[in-house]
Amino acid sequence: MKTLLIILALIGGLFLIFQLYMVYSTNGVERQPYEVLEKRGELEIRFYPSVQMARVKSNTSSYDTMSSSGFRRLAAFIFGKNKENEKVAMTSPVQVDIGEGEMAMSFMMPSAYTTKDLPTPIDEGIEILNTDEEYVAAISFSGFSSDAKLKEYQQKLGELLKENDLTPKGNYRYLGYNPPYQLIGRQNEVVVRVEMVK
């Protein structure tokens with residue numbers, strides 16, 4: 001019995017070390033830059049400058065479906081499945097555009113790349129684009145995401161926009177900052193472009 005407890009304690013310790021390493025390594029990943037302009041309770045108003053993205057679309061209304069298939073395709077691209085067989089560093093967050101009947105997942109490309117020196121995708125469904133500068137409203141939540149959770153926070157963000165006289169523009173988006181095997185310290189956001197900032 002004593003041996004079993006020691007083994008369980010060792011496994012628990014190793015698991016905790018791994019999770020703390022995940023938190024540390026995630027914090028070291030390049031993140032999409034933005035400026036917080038204003039905080040209104042749970043609501044943040046931000047300015048995002050233009051960045052370069054790799055994006056893939058899918059005819060689905062399910063985040064659970066998109067998060068699996070879209071991630072695999074984009075991850076293959078940055079892990080070397082491109083015409084130059086070149087690895088591209090992972091960035092954060094992963095973005096999912098939540099549309100009706102169509103979703104898109106995007107990875108920001110590291111700032112060290114320009115359009116000219118970025119590897120060319122083999123997957124013809126992956127497009128490289130430069131985003132527009134934008135103002136967004138954002139709310140955060142912890143834990144894991146799901147279709148139900150995204151719907152809940154999308155509705156919550158919509159209510160906060162009404163309370164603050166802000167008009168949403170375009171689709172809501174999910175931003176996920178952590179790998180699926182990170183269980184502690186998870187960060188998620190739902191954002192939407194806003195037409196005006198007061």
Side-chain angles (χ1 to χ4, degrees), residues 22 25-34 46-138 144-151 153-154 157 168-182 186-195:
M22 281 291 97
S25 61
T26 300
N27 289 339
V29 170
E30 182 180 357
R31 289 192 172 201
Q32 184 176 1
Y34 64 84
R46 302 172 179 173
F47 171 73
Y48 280 84
S50 174
V51 293
Q52 192 170 213
M53 294 273 192
R55 181 173 69 186
V56 63
K57 295 179 179 178
S58 179
N59 294 323
T60 181
S61 295
S62 168
Y63 162 77
D64 295 329
T65 301
M66 187 69 205
S67 63
S68 177
S69 62
F71 190 90
R72 277 199 309 269
R73 293 171 68 186
L74 289 171
F77 165 60
I78 68 169
F79 293 154
K81 190 178 178 182
N82 51 64
K83 292 182 179 178
E84 292 76 14
N85 297 313
E86 182 180 339
K87 290 186 178 179
V88 178
M90 186 69 189
T91 62
S92 181
V94 173
Q95 295 198 22
V96 178
D97 189 277
I98 308 168
E100 285 295 328
E102 182 180 74
M103 287 189 169
M105 177 176 279
S106 304
F107 287 4
M108 184 188 78
M109 296 294 94
S111 57
Y113 284 96
T114 66
T115 305
K116 292 180 180 179
D117 57 19
L118 190 70
T120 307
I122 293 172
D123 184 338
E124 294 181 356
I126 296 176
E127 64 173 323
I128 306 297
L129 67 152
N130 289 305
T131 62
D132 295 328
E133 294 182 345
E134 61 179 354
Y135 294 95
V136 308
F144 285 88
S145 296
S146 64
D147 285 313
K149 207 161 189 181
L150 291 186
K151 188 174 181 181
Y153 279 91
Q154 183 176 331
L157 179 54
K169 202 173 178 184
N171 293 332
Y172 287 79
R173 280 174 280 161
Y174 163 71
L175 310 184
Y177 290 83
N178 314 99
Y181 40 83
Q182 181 179 334
R186 296 188 64 82
Q187 180 185 356
N188 311 279
E189 296 172 339
V190 173
V191 305
V192 68
R193 181 180 294 194
V194 288
E195 193 172 287

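Positions are given from 1 along the sequence. Side chains are part of it too, since the values below use all heavy atoms of this structure and drop only hydrogens, waters and symmetry mates. Computed from a prediction, not measured in an experiment: that's the story for all the values here.
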Looking at [X] and [Y], what are the two nearest heavy atoms and their distance?
X: V190; Y: Q154; value: CG1-CA, 4.2 Å
X: E102; Y: N59; value: OE2-OD1, 3.9 Å
X: E133; Y: P49; value: CG-CA, 4.2 Å
X: G125; Y: R73; value: CA-NH2, 3.5 Å
X: A112; Y: D117; value: O-OD2, 4.3 Å
X: V192; Y: P168; value: CG2-CB, 4.0 Å

Close side-chain approach of [X] to [Y], heavy-atom, < 4.5 Å:
X: V51; Y: P33; answer: yes
X: D97; Y: R55; answer: no
X: Q32; Y: T91; answer: no
X: M109; Y: I78; answer: yes
X: S50; Y: T131; answer: yes

Check your understanding: In terms of side-chain heavy atoms, does S145 have a donor or acceptor partner in Y174 at a distance below 3.5 Å?
Key -> yes
Check your understanding: Does any donor atom in the side chain of Y177 or E189 lie under 3.5 Å from an acceptor atom in the other side chain?
Key -> yes
Practice item. Indicate yes or no: does K169 engage E195 in a salt bridge with an N to O separation below 4.0 Å. Key: no
Could you give the distance from [atom1] ([X]) to [atom2] ([Y]), rounded to the nearest 0.5 Å?
X: S92; Y: L175; atom1: OG; atom2: CG; value: 8.5 Å
X: T115; Y: I128; atom1: OG1; atom2: CD1; value: 8.5 Å
X: E127; Y: K57; atom1: CD; atom2: NZ; value: 5.5 Å
X: S146; Y: K151; atom1: OG; atom2: NZ; value: 11.5 Å
X: K116; Y: L118; atom1: NZ; atom2: CG; value: 13.5 Å
X: K81; Y: D123; atom1: NZ; atom2: CG; value: 6.5 Å

Review point. Please walk me through it: do S58 and M103 pass side chain to side chain contact (heavy atoms under 4.5 Å, CB included)?
Key: CA-CA 5 Å; S58 179; M103 287 189 169; 5.5 Å; no
Check your understanding: Do M66 and V56 pass the side chain to side chain contact (heavy atoms under 4.5 Å, CB included) test, and can you show the C-alpha distance, the side-chain angles, and the key distance before you say yes or no?
Key -> CA-CA 10 Å; M66 187 69 205; V56 63; 4.1 Å; yes
Review point. Can you check side chain to side chain contact (heavy atoms under 4.5 Å, CB included) on R193 and D132, steps first, answer last?
Key: CA-CA 11 Å; R193 181 180 294 194; D132 295 328; 4.1 Å; yes
Determine whether a donor-acceptor pair (N or O, by modelled atom type, separation under 3.5 Å) exists between the side chain of [X] and the backbone of [Y].
X: N82; Y: F77; answer: yes
X: D147; Y: Y63; answer: yes
X: E84; Y: T120; answer: yes

Point to revise | Derivation of the side chain to side chain contact (heavy atoms under 4.5 Å, CB included) call for Y172 and V191 | key: CA-CA 6 Å; Y172 287 79; V191 305; over 6 Å; no
**Study point:** Neighbour count above 12 (heavy atom, 6.0 Å) for K149 NZ
**Key:** yes
